[in-house]
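Throughout, a chain's letter reflects where its sequence line sits, starting with A, and its residues are numbered from 1. These figures come from a predicted structure and were not determined experimentally.
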Number of protein chains: 2
Amino acid sequence: MAAKQKELIVQLLRSSKLSITDTRVKILELFMKSNGALEHADFEKLSGKSFDRVTIYRTLQTFLDKGIVHKIPTTDTSVRYAICKSDCGEHDHHDHHVHFRCEECGSTQCLDETDIPVIQLPKGYAAHNVEVVVSGVCKECK
Amino acid sequence: MAAKQKELIVQLLRSSKLSITDTRVKILELFMKSNGALEHADFEKLSGKSFDRVTIYRTLQTFLDKGIVHKIPTTDTSVRYAICKSDCGEHDHHDHHVHFRCEECGSTQCLDETDIPVIQLPKGYAAHNVEVVVSGVCKECK
DNA sequence: GTGTTTTTTGCATCATTGTTGCATTTTAAT
DNA sequence: ATTAAAATGCAACAATGATGCAAAAAACAC
């Protein structure tokens with residue numbers, strides 16, 4: 001089980017041409033364990049303070065650069081990251097799914113099955129990426 | 001012109017049961033002058049440093065509480081505010097339009113004419129609010 | 001208008017978040 | 001096992017935001 005997951009993580013890092021380090025493996029484990037988005041503070045808590053703040057920042061930035069994770073828009077100063085399930089490459093990164101923020105439990109989830117609609121913009125605007133964040137009550141809290 | 005705008009601002013503050021102060025009037029003027037979203041740092045710059053940082057924070061929070069402005073989601077730590085054009089009340093606040101973030105000039109605009117689509121969520125989820133942020137190139141930068 | 005009460009502001013202080021430079025450690029490659 | 005490259009931890013710093021409290025300004029009553 002855990003060994004299998006570790007193997008997956010190693011593969012993922014290899015295919016992104018990243019060295020295998022404790023921090024990276026641990027952070028990816030945390031991503032896979034949680035079914036929602038995580039923010040920086042979560043990693044400090046969940047990892048049991050074993051990693052330096054700065055290392056976590058740099059690790060998340062590296063994962064972003066490589067398209068392993070993506071950011072989710074928020075209306076506050078928090079920065080939330082979710083792991084990319086599908087076809088996010090290093091250079092052409094798009095999230096083709098909706099993000100859901102539960103007002104009860106505060107969790108943020110990726111609704112992978114829910115496609116984002118096509119938005120008809122006014123003349124003169126060119127769209128590269130569309131982010132949809134729905135807030136409400138999730139199925140666990142209902 | 002300017003007198004007329006001032007009058008509008010006073011009316012707006014009165015109808016929200018807020019006292020008329022220099023800071024509030026100035027910040028609302030800046031909102032009306034700019035056709036996009038503003039963040040805290042903008043007010044410090046645009047107002048010519050004449051107001052205290054804390055006062056600006058508190059003023060924006062007050063406007064949020066009263067439904068005069070709303071926040072726009074971002075993927076970084078910045079918090080962007082836009083003035084509510086339409087039917088945002090104190091308790092039932094919804095933005096029924098799309099936000100556009102230009103990758104060239106960095107501005108964020110409200111596309112008041114562009115309605116947000118209805119999102120079909122998975123079973124068990126209840127939606128209260130939907131935020132759509134499109135990024136790309138705006139008509140000024142094209 | 002004047003005086004009083006309430007609200008707002010400015011300042012000092014503190015907490016949190018994120019960044020950078022550099023020495024040390026770890027990983028990868030030979 | 002040795003060496004070169006990359007990642008980490010630490011110290012220091014900057015930016016953002018919050019809170020308590022005294023001074024100033026606005027609103028209200030007269």
Gap between atoms [atom1] and [atom2], on [X] and [N] respectively (whole Å):
X	N	atom1	atom2	result
B/Arg14	D/dA26	CZ	C1'	11 Å
A/His40	C/dA15	NE2	P	19 Å
A/Tyr57	D/dA14	OH	P	17 Å
A/Arg80	C/dT17	CZ	P	12 Å
B/Leu60	C/dT9	CG	P	11 Å
B/Arg24	C/dG10	CZ	P	12 Å
B/Phe51	C/dG10	CZ	C1'	12 Å
A/Asp76	D/dT16	CG	P	15 Å

Quick check on DNA chain C: between B/Thr62 and B/Thr77, whose nearest nucleotide comes earlier from the 5' end?
B/Thr62
Base of C/dG18 paired with side chain of A/Arg58 (donor-acceptor, under 3.5 Å)
no
Classify the side chain of A/Arg53 and the base of C/dG18 as holding, or not holding, a donor-acceptor pair under 3.5 Å.
yes
Report yes if a side-chain nitrogen or oxygen of B/Thr21 is closer than 4.0 Å to either non-bridging phosphate oxygen (OP1 or OP2) of C/dT7; otherwise report no.
no
Does D/dG9 have its OP1 or OP2 closer than 4.0 Å to a side-chain nitrogen or oxygen of A/Thr55?
yes
Starting from the 5' end of DNA chain D, give me the residue, A/Ser19 or B/Ile20, whose nearest nucleotide shows up first.
A/Ser19
With no hydrogens and no angle check, just 3.5 Å: does a side-chain donor-acceptor pair link A/Gln120 and A/Tyr125?
no
Would A/Glu103 and B/His128 count as having a side-chain donor-acceptor pair, cut-off 3.5 Å?
yes
Under 4.0 Å between any heavy atoms, over every strand shown, what does B/Thr23 touch: base, sugar-phosphate, or nothing? Just pick one.
sugar-phosphate
Using a 4.5 Å cut-off on heavy atoms from C-beta on, say whether the side chain of B/His70 contacts that of B/Ile83.
no
Is the shortest heavy-atom distance from the side chain of A/Phe31 to the side chain of A/Tyr81 under 4.5 Å?
yes
State which residues pass salt bridge (charged side-chain N to carboxylate O under 4.0 Å, His left out) with B/Arg80; sequence neighbours excluded, sorted by chain then number.
B/Glu39
Compare the minimum distances between each of D/dA7, C/dT8, C/dG10 and the side chain of B/Asp52, then state the nucleotide with the smallest one.
C/dG10
